[in-house]
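Below is one structure, written out as structure tokens; comments come after it.
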2 protein chains.
Amino acid sequence: MAANSQFAMALHVLTLLAHSDGSNLKSENIACSVNTNAVVIRRILSQLRQAGLVASQTGAAGGTKLARSAEDIALVDVYRAVCCGEVFALHSRSPNQDCPVGRGMESVLCNLQKQIDNSVGETLAKYTLRDITQMVDENQHERVLG
Amino acid sequence: MAANSQFAMALHVLTLLAHSDGSNLKSENIACSVNTNAVVIRRILSQLRQAGLVASQTGAAGGTKLARSAEDIALVDVYRAVCCGEVFALHSRSPNQDCPVGRGMESVLCNLQKQIDNSVGETLAKYTLRDITQMVDENQHERVLG
DNA sequence: TGTATCTGTAACTATACTTGTTACAGATAT
DNA sequence: ATATCTGTAACAAGTATAGTTACAGATACA
């Protein structure tokens, strides 16, 4: 239990929801496919709900379904929803401001961080949830590399 | 002390080395600018050394200097050297293989992971250590966004 | 040759983050 | 009413990163 796997789990969850078109899925059933606890799933669903990607219903016969069609959910939307964090972190302690290099590094690194985040976002914007479901269904996993 | 800031620190270290052209820098002095412990710096230098980016000398009057000129060190080289890890992690437990979606997710996610890593690498390949030192020197931090 | 100074690395601690788990209040279909 | 679901708080466990201390080994230099 180390690195953040929320994006991976979120994509898995959404793929399941896309498959059960229209009907509510229970967190318990989703958890079974993802191989984790139902509460972990509900936590992820909570973030996806706040991002407007899914809609949940409480009570008996409740559950969660997609709030938009799979074609209208880009992977970057999922990425932003669970906000996995940055590719690299800045210094945990600020650099020494008495040093010219230390003084200048932070803003340079911060800008670089933003630029990398943008390129990740652009890559993830190329694919929709529908692309993922198709790859999972057809086992045409190569498409994601082409 | 949370996210991996080794790439940020490595870039800071290399920028300092690029400034002291030719002469050895002591880990203690580098640590002062980065605002951390000398051993933390030596650990990062160890990785940069293995990647052939710096050269160290033990003993009195020892220290570390760049092994190549700053123009010949691309940021992607630094990124690979400290191997910060992936943008997102795969499931910590494998998905349920009895579920069609669970069975298909892993390879799809793995391919997506590789593609993202490639786009990060391409972005970082655009800049060299010289670009960083210039931005730090001239405070033309905007360049990294242009 | 002896000493001071530096690196390289092991070992340990502290901290923080992620996940897993239990528990329970609130909502809702039947 | 009751069974069944979600939402969320609270806590435990595992792990990664960074910080720190300690010390062996290398080397310049008096």
Side-chain angles (χ1 to χ4, degrees), chain A residues 1-10 12-13 17 20 23-32 34-51 54-65 67 82-96, chain B residues 1-10 12-13 17 20 23-32 34-51 54-65 67 82-96:
Chain A
M1 309 165 198
N4 194 325
S5 61
Q6 287 190 62
F7 177 71
M9 288 197 283
H12 189 150
V13 168
L17 293 178
S20 75
S23 68
N24 280 333
L25 280 191
K26 292 184 289 186
S27 61
E28 202 72 48
N29 293 337
I30 298 174
C32 181
V34 179
N35 191 21
T36 185
N37 190 287
V39 174
V40 174
I41 298 300
R42 283 184 225 147
R43 278 200 283 246
I44 290 170
L45 287 174
S46 173
Q47 296 182 273
L48 298 177
R49 204 180 316 122
Q50 284 174 41
V54 303
S56 299
Q57 191 180 339
T58 61
T64 303
K65 59 184 176 181
V82 298
C83 58
C84 299
E86 311 292 343
V87 175
F88 66 88
L90 300 184
H91 304 67
S92 48
R93 305 176 182 181
S94 260
N96 187 343
Chain B
M1 309 164 198
N4 194 326
S5 60
Q6 287 190 61
F7 177 70
M9 287 198 284
H12 189 150
V13 168
L17 293 179
S20 75
S23 68
N24 280 334
L25 281 192
K26 293 183 287 185
S27 61
E28 203 72 47
N29 293 337
I30 298 173
C32 181
V34 179
N35 191 18
T36 184
N37 191 287
V39 174
V40 173
I41 298 300
R42 283 182 225 147
R43 278 201 281 247
I44 290 170
L45 288 174
S46 174
Q47 296 183 273
L48 298 177
R49 204 180 315 124
Q50 284 175 42
V54 303
S56 299
Q57 190 180 340
T58 61
T64 304
K65 58 183 177 182
V82 297
C83 58
C84 299
E86 311 293 344
V87 175
F88 66 88
L90 300 184
H91 304 67
S92 48
R93 305 176 181 181
S94 259
N96 187 343

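Just so we're on the same page: letters track the sequence lines, and every chain starts at 1. Scope of the values below: all heavy atoms of this structure, side chains included, with no hydrogens, waters or symmetry mates.
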Legend entry - Those residues that, when tested against Asn29(B), pass side-chain contact (heavy atoms from CB on, under 4.5 Å) (two or more places apart): Lys26(B)

Legend entry - Bend angle of the helix from dT1(C)-dA30(D) to dT30(C)-dA1(D), from helix axes over five pairs at each end, nearest 10°: 10°

Legend entry - Partners passing side chain to side chain donor-acceptor pair (under 3.5 Å) against Glu28(B) (at least two apart in sequence or in another chain): none

Inset, instruction - Using a 4.0 Å heavy-atom cut-off across all strands, classify Thr64(B) as base, sugar-phosphate, or nothing. - result: nothing

Inset, instruction - Establish, with yes or no, whether the OP1 or OP2 oxygen of dA28(D) is under 4.0 angstrom from a side-chain nitrogen or oxygen of Gln57(B). - result: yes

Inset, instruction - Hey, could you give me each pair passing side chain to side chain donor-acceptor pair (under 3.5 Å) that has a residue in residues 34-45 of chain A? Not counting sequence neighbours. - result: Ser27(A)-Arg42(A)

Inset, instruction - Give the rounded distance in Å between these two atoms: CG of Asn4(A) and C1' of dT19(C). - result: 10 Å

Legend entry - Non-neighbouring partners of Phe88(A) that pass ring pair (Phe, Tyr, Trp, His ring centres under 6.0 Å), sequence neighbours left out: Phe7(B)

Legend entry - Residues which pass side chain to side chain donor-acceptor pair (under 3.5 Å) with Arg49(A), listed by chain and number, not counting sequence neighbours: Ser56(A)

Inset, instruction - List for me each residue that meets side chain to side chain donor-acceptor pair (under 3.5 Å) alongside Ser20(A), sequence neighbours excluded, and say none if there are none. - result: none

Inset, instruction - Could you tell me which residues satisfy side chain to side chain donor-acceptor pair (under 3.5 Å) with Thr58(A), sequence neighbours excluded, listed by chain and number? - result: none

Inset, instruction - Let me have a per-nucleotide readout for nucleotides 21-26 of chain C, 5' to 3', with B, S or -, counting only protein heavy atoms under 4.0 Å. - result: BBB---

Legend entry - Short side-chain N/O contact from Ser56(A) to OP1 or OP2 of dG7(D), under 4.0 Å: yes

Legend entry - Nearest-angstrom distance from the residue atom CG of Leu25(B) to P of dT5(C): 18 Å

Legend entry - Length of the line joining Glu28(B):CD and dT5(C):P, which is rounded to integer Å: 12 Å

Inset, instruction - To the nearest Å, give me how far apart CD1 (Ile30(A)) and C1' (dG7(D)) are. - result: 14 Å

Inset, instruction - May I have the distance from Ile44(A) (atom CD1) to dT18(C) (atom P), rounded to whole angstrom? - result: 12 Å

Legend entry - Side-chain N,O (Ser27(A)) to OP1/OP2 (dC5(D)) below 4.0 Å: no

Inset, instruction - Compare side-chain N and O positions of Ser5(A) against OP1 and OP2 of dT18(C) and report whether any pair is under 4.0 Å apart. - result: no

Inset, instruction - Scan Ile41(B) against the nucleic acid and name what it touches under 4.0 Å (heavy atoms): base, sugar-phosphate only, or nothing. - result: nothing

Legend entry - For atom CG of Leu45(A) and atom P of dC5(D), their distance in whole Å: 15 Å

Legend entry - Thr64(B) side chain near Leu25(B) side chain, heavy-atom distance below 4.5 Å: no

